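Here's the structure we're looking at; comments come further down.
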Amino acid sequence: MNKARLALLTLLAMLAFAGNSVLCRLALKGSASDPASFTVVRIVAGAVVLAVLVGLRGGERLRSSGSWAGAAALSLYALAFSFAYVRLSAGSGALLLFGAVQSGLLGYAIARGERLAALAWAGLATSIAGLLLLLLPGSSAPHLGSALLMVCAGLAWAWYTVLGRRAGDALRTTAGSFVRAVPVVLAAALPWLPDLHIDGLGLLCAVLSGALASGLGYTVW
């Protein structure tokens, strides 16, 4: 893959993930929807759209694609992401998320003994510094518990990315992981069963987040 195409795909993926922040915050702030319901609909919508796309291509069955490790990473990311946005703004949440993802991936590379270029070291230092600045106590600091949840979401995303490096077919692998994640998030939502609720706006945001910004965004990533 040439550098121009790689840069374009990376930009599209980052725009999709930034869109997730906006959609999630809009659903939780602008409607009566709860984070557990939003997460379940998001994952189900992503699984349905990706399964349809894989089915249209034909070939290998979806049940043999993806992995339970990928499903666990995806579910942890989605759940932590949604619950974090109960008390985070879209902007601060996105900054925390992206900083944690970059720190996690570069930390993994260092742990494996990879030699980083100067630009990669600069990126790691910038992401860590940004995370520390955002978490410093002060009048503008985000809620600490929610901020830590978002960092957890970012590290789960980094984990999913590492797992995805071994995937030969991005669409099929992503679809398989989304399908496997459905029962995981359904089980995780059980403790909040009496309080589960999603209205029209929340449903729309969750479907767009799962089908477009998450499912296709993860495939591009």
Side-chain angles (χ1 to χ4, degrees), residues 9-10 12-24 27-28 34-54 61-85 93-94 96-105 107-108 148-192 198 205-221:
L9 290 175
T10 302
L12 290 174
M14 298 306 286
L15 288 174
F17 297 138
N20 267 327
S21 294
V22 174
L23 289 167
C24 183
L28 299 181
D34 66 278
S37 297
F38 179 89
T39 303
V40 170
V41 174
R42 176 186 177 185
I43 295 297
V44 171
V48 169
V49 168
L50 290 169
V52 169
L53 291 176
V54 170
R61 290 186 177 182
L62 192 59
R63 71 177 65 179
S64 60
S65 303
S67 67
W68 285 108
L74 182 61
S75 301
L76 178 58
Y77 152 74
L79 286 164
F81 179 92
S82 297
F83 279 92
Y85 264 126
L96 285 165
L97 179 69
F98 294 157
V101 172
Q102 186 175 27
S103 298
L105 290 175
Y108 173 79
L148 292 177
L149 274 176
M150 189 59 78
V151 171
C152 180
L155 294 177
W157 178 6
W159 176 28
Y160 185 85
T161 300
V162 169
L163 293 171
R165 292 177 65 182
R166 298 192 294 267
D169 187 326
L171 178 61
R172 192 177 298 278
T173 299
T174 303
S177 294
F178 262 82
V179 170
R180 293 171 191 259
V182 171
V184 177
V185 294
L186 284 172
L190 289 178
W192 291 275
I198 192 164
C205 290
V207 170
L208 291 176
S209 175
L212 299 180
S214 296
L216 298 184
Y218 262 71
T219 301
V220 172
W221 177 257

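Just the heavy atoms: all of them, side chains too, but no hydrogens, waters or symmetry mates, feed the values below. Quick caveat: nothing in here was measured; it's all calculated off a predicted structure.
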Quiz item: Do Leu50 and Thr174 pass the side chain to side chain contact (heavy atoms under 4.5 Å, CB included) test, and can you show the C-alpha distance, the side-chain angles, and the key distance before you say yes or no?
Solution: CA-CA 8 Å; Leu50 290 169; Thr174 303; 3.8 Å; yes
Quiz item: Can Ser177 and Trp68 be said to form a side chain to side chain contact (heavy atoms under 4.5 Å, CB included), step by step?
Solution: CA-CA 7 Å; Ser177 294; Trp68 285 108; over 6 Å; no
Self-check item: side chain to side chain contact (heavy atoms under 4.5 Å, CB included) between Val44 and Val185, intermediate numbers included
Solution: CA-CA 9 Å; Val44 171; Val185 294; 5.8 Å; no
Give the minimum heavy-atom separation between [X] and [Y], together with the two atoms involved.
{"X": "Leu76", "Y": "Cys152", "answer": "CD1-SG, 4.1 Å"}
{"X": "Trp159", "Y": "Ala73", "answer": "CE3-CB, 3.3 Å"}
{"X": "Ala206", "Y": "Ala45", "answer": "O-CB, 4.4 Å"}
{"X": "Leu97", "Y": "Ala153", "answer": "CD1-C, 3.9 Å"}
{"X": "Asn20", "Y": "Ala213", "answer": "OD1-CB, 3.3 Å"}
{"X": "Ala36", "Y": "Ala189", "answer": "CB-CB, 4.3 Å"}

Practice problem: For Phe178, check ring-ring contact (aromatic ring centres under 6.0 Å, His included) against everything at least two apart and list the hits. | Solution: none
To the nearest 0.5 Å, how far apart are [atom1] in [X] and [atom2] in [Y]?
{"X": "Leu155", "Y": "Thr161", "atom1": "CG", "atom2": "OG1", "answer": "11.0 Å"}
{"X": "Arg42", "Y": "Leu74", "atom1": "CZ", "atom2": "CG", "answer": "8.0 Å"}
{"X": "Leu23", "Y": "Tyr85", "atom1": "CG", "atom2": "OH", "answer": "10.5 Å"}

Practice problem: Using the six-membered ring wherever Trp is involved, compare the ring planes of Phe81 and Tyr77 and label them parallel, tilted or perpendicular (cut-offs 30° and 60°). | Solution: tilted
Quiz item: Any chance the side chains of Ser67 and Arg180 put a donor and an acceptor closer than 3.5 Å?
Solution: no
Quiz prompt | Short side-chain donor-acceptor distance under 3.5 Å, Asp169 and Ser65 | solution = no
Are any of the side-chain heavy atoms of [X] and [Y] separated by less than 4.5 Å?
{"X": "Phe83", "Y": "Phe38", "answer": "no"}
{"X": "Leu28", "Y": "Pro35", "answer": "yes"}
{"X": "Leu171", "Y": "Val54", "answer": "yes"}

Quiz item: Do Val101 and Tyr160 pass the side chain to side chain contact (heavy atoms under 4.5 Å, CB included) test, and can you show the C-alpha distance, the side-chain angles, and the key distance before you say yes or no?
Solution: CA-CA 10 Å; Val101 172; Tyr160 185 85; over 6 Å; no
Quiz item: Would you say the side-chain atoms of Ser209 pair up with the backbone N or O of Cys205, donor to acceptor, closer than 3.5 Å?
Solution: no
